[in-house]
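Only a predicted model underlies this, so the values are computations on that prediction, with no experimental measurement involved.
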Amino acid sequence: MPALPLDFSASSDIVARALIGVTLLIDGVGGRIVETEAYDQGDPASHTFGGPTLRNAAMFGPPGRVYVYRSYGIHWCLNLVCREEGHGAGVLIRAIEPTAGIERMQARRGLEDIRLLCSGPGRVGQALAVDAGFNGMRLDRPPFKLLGAEGAEPAEVHVGPRIGISKAADVPWRFGAAGSRFLSRRF
DNA sequence: AGTATGATTGCCT
DNA sequence: GGCAATCATACTG
């Protein structure tokens with residue numbers, strides 16, 4: 001089976017930073033990751049802060065897999081599990097620069113504007129057709145495909161506080177490709 | 001078994 | 001800028 005272009009056993013902030021520029025595809029649809037956020041157990045903003053539950057079980061599983069959760073009862077958000085098994089760490093995929101399967105993403109989102117297809121975690125979920133069925137799936141097997149940045153690394157990666165959280169809102173665990181027009185928000 | 005709460009988005013003023 | 005939509009999960013009693 002194909003090796004992942006990234007070591008997911010590293011800590012979530014390291015993985016979140018390294019994911020910027022990496023291409024993520026689900027069933028051949030997706031693009032280049034331009035924005036991520038790191039979460040970890042012991043982090044009051046993380047779903048794993050209170051220890052293992054039914055919902056967050058995937059994040060306590062082995063690294064290199066997927067954790068999917070329902071946000072505000074409306075959106076599906078995609079996370080990549082990292083660190084050692086049992087740790088409860090992961091990276092939220094917040095924005096992608098669309099490069100593959102753009103027509104399918106436009107159909108799923110009901111929009112044409114490329115800039116609005118994947119610029120936000122809920123938008124990424126809808127554009128890539130993520131749902132609860134992906135929870136716990138391995139990233140090194142279909143339908144997932146992860147391709148190393150291979151020279152497509154951004155010249156600079158911005159770092160800042162995470163978005164939409166009420167606790168530990170000052171921790172600088174949001175990462176983004178500098179100058180990208182596909183970020184969910186400016187840094 | 002009932003209630004409170006979001007790692008958000010899109011539409012309205 | 002403000003707020004409603006919408007529901008699975010977690011927490012309370």
Side-chain angles (χ1 to χ4, degrees), chain A residues 8 11-20 22 24 26 30-31 33-61 63 65-83 87-98 105-137 139 157-177 180-187:
Chain A
F8 281 93
S11 60
S12 52
D13 56 325
I14 297 295
V15 173
R17 168 72 169 73
L19 278 170
I20 303 299
V22 169
L24 169 67
I26 301 181
I33 297 170
V34 294
E35 185 182 339
T36 60
E37 279 179 0
Y39 290 88
D40 195 273
Q41 190 178 24
D43 165 16
S46 174
H47 288 168
T48 56
F49 182 62
T53 65
L54 195 54
R55 171 173 74 156
N56 65 25
M59 273 223 275
F60 285 98
R65 300 204 185 194
V66 165
Y67 164 55
V68 174
Y69 72 93
R70 192 90 148 134
S71 176
Y72 288 87
I74 303 170
H75 306 104
W76 293 107
C77 294
L78 178 68
N79 296 256
L80 310 186
V81 178
C82 49
R83 214 150 173 194
H87 216 92
V91 174
L92 172 67
I93 305 301
R94 287 195 56 90
I96 289 174
E97 175 180 339
M105 292 193 278
Q106 287 171 323
R108 289 164 176 171
R109 295 270 300 120
L111 295 170
E112 305 233 329
D113 191 339
I114 311 288
R115 262 161 93 153
L116 296 178
L117 286 184
C118 301
S119 56
R123 292 167 172 171
V124 168
Q126 187 179 26
L128 302 203
V130 171
D131 63 35
F134 290 90
N135 198 35
M137 289 184 76
L139 285 167
V157 175
H158 280 321
V159 182
R162 295 172 293 184
I163 292 176
I165 56 176
S166 53
K167 305 155 202 161
D170 53 328
V171 180
W173 273 359
R174 174 178 177 235
F175 303 87
S180 172
R181 293 162 315 202
F182 300 93
L183 300 174
S184 66
R185 292 198 203 173
R186 297 281 179 200
F187 276 78

Phosphate-side-chain proximity, A:Arg70 and B:dT8, N/O vs OP1/OP2 below 4.0 Å: no
Given [options], which nucleotide is nearest the side-chain atoms of [X]?
| X | options | result |
| --- | --- | --- |
| A:His47 | C:dA5, B:dT9, B:dA7 | B:dA7 |
| A:Leu92 | C:dT6, B:dG6, B:dA7 | B:dA7 |
| A:Pro121 | B:dG10, B:dA7, B:dT9 | B:dT9 |
| A:Leu54 | B:dT8, C:dC7, C:dA10 | C:dA10 |
| A:Arg123 | B:dT9, B:dA7, C:dT6 | B:dT9 |
| A:Tyr72 | B:dG6, B:dT9, B:dA7 | B:dG6 |

Identity of whatever pairs with C:dT6 - Watson-Crick or G-U, under 3.5 angstrom: none
A:Arg70 atom CZ, over 12 foreign heavy atoms within 6.0 Å: yes
Parallel, tilted or perpendicular: ring planes of A:Phe187 versus A:His158, cut at 30 and 60 degrees: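 Correct class here is tilted.
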Please check if the side chain of [X] supplies one atom and the backbone of [Y] the other of a donor-acceptor pair under 3.5 Å.
| X | Y | value |
| --- | --- | --- |
| A:Asn79 | A:Tyr67 | yes |
| A:Glu37 | A:Trp173 | no |
| A:Asn135 | A:Tyr69 | no |

When we call it a touch if two heavy atoms are under 4.0 Å apart, what does [X] touch: a base, just sugar-phosphate, or nothing?
| X | result |
| --- | --- |
| A:Gly73 | base |
| A:Ile165 | sugar-phosphate |
| A:Arg185 | nothing |

[X] [atom1] - [N] [atom2] separation (whole Å):
| X | N | atom1 | atom2 | value |
| --- | --- | --- | --- | --- |
| A:Arg55 | C:dT9 | CZ | P | 8 Å |
| A:Arg94 | B:dT8 | CZ | C1' | 9 Å |
| A:Gln41 | B:dA7 | CD | P | 16 Å |
| A:Glu37 | B:dA7 | CD | P | 10 Å |
| A:Asp131 | C:dC7 | CG | P | 15 Å |
| A:Asp170 | B:dA7 | CG | P | 16 Å |
| A:Ile163 | B:dA7 | CD1 | C1' | 10 Å |
| A:Arg109 | B:dT9 | CZ | C1' | 8 Å |

Evaluation steps, side-chain hydrogen bond (donor to acceptor under 3.5 Å, both in side chains), between A:Gln126 and A:Arg109: CA-CA 6 Å; A:Gln126 187 179 26; A:Arg109 295 270 300 120; 2.7 Å; yes
Donor-acceptor pair (no angle test) under 3.5 Å: A:Tyr69 side chain, B:dA7 base: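 Such a pair exists between side chain and base.
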Whichever of A:Ser184 and A:Ser166 has its nearest DNA chain B nucleotide further upstream toward 5':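 Whichever sits nearer the 5' end wins; that is A:Ser166.
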First encountered from the 5' end of DNA chain B, between A:Lys167 and A:Gln126: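 That would be A:Lys167.
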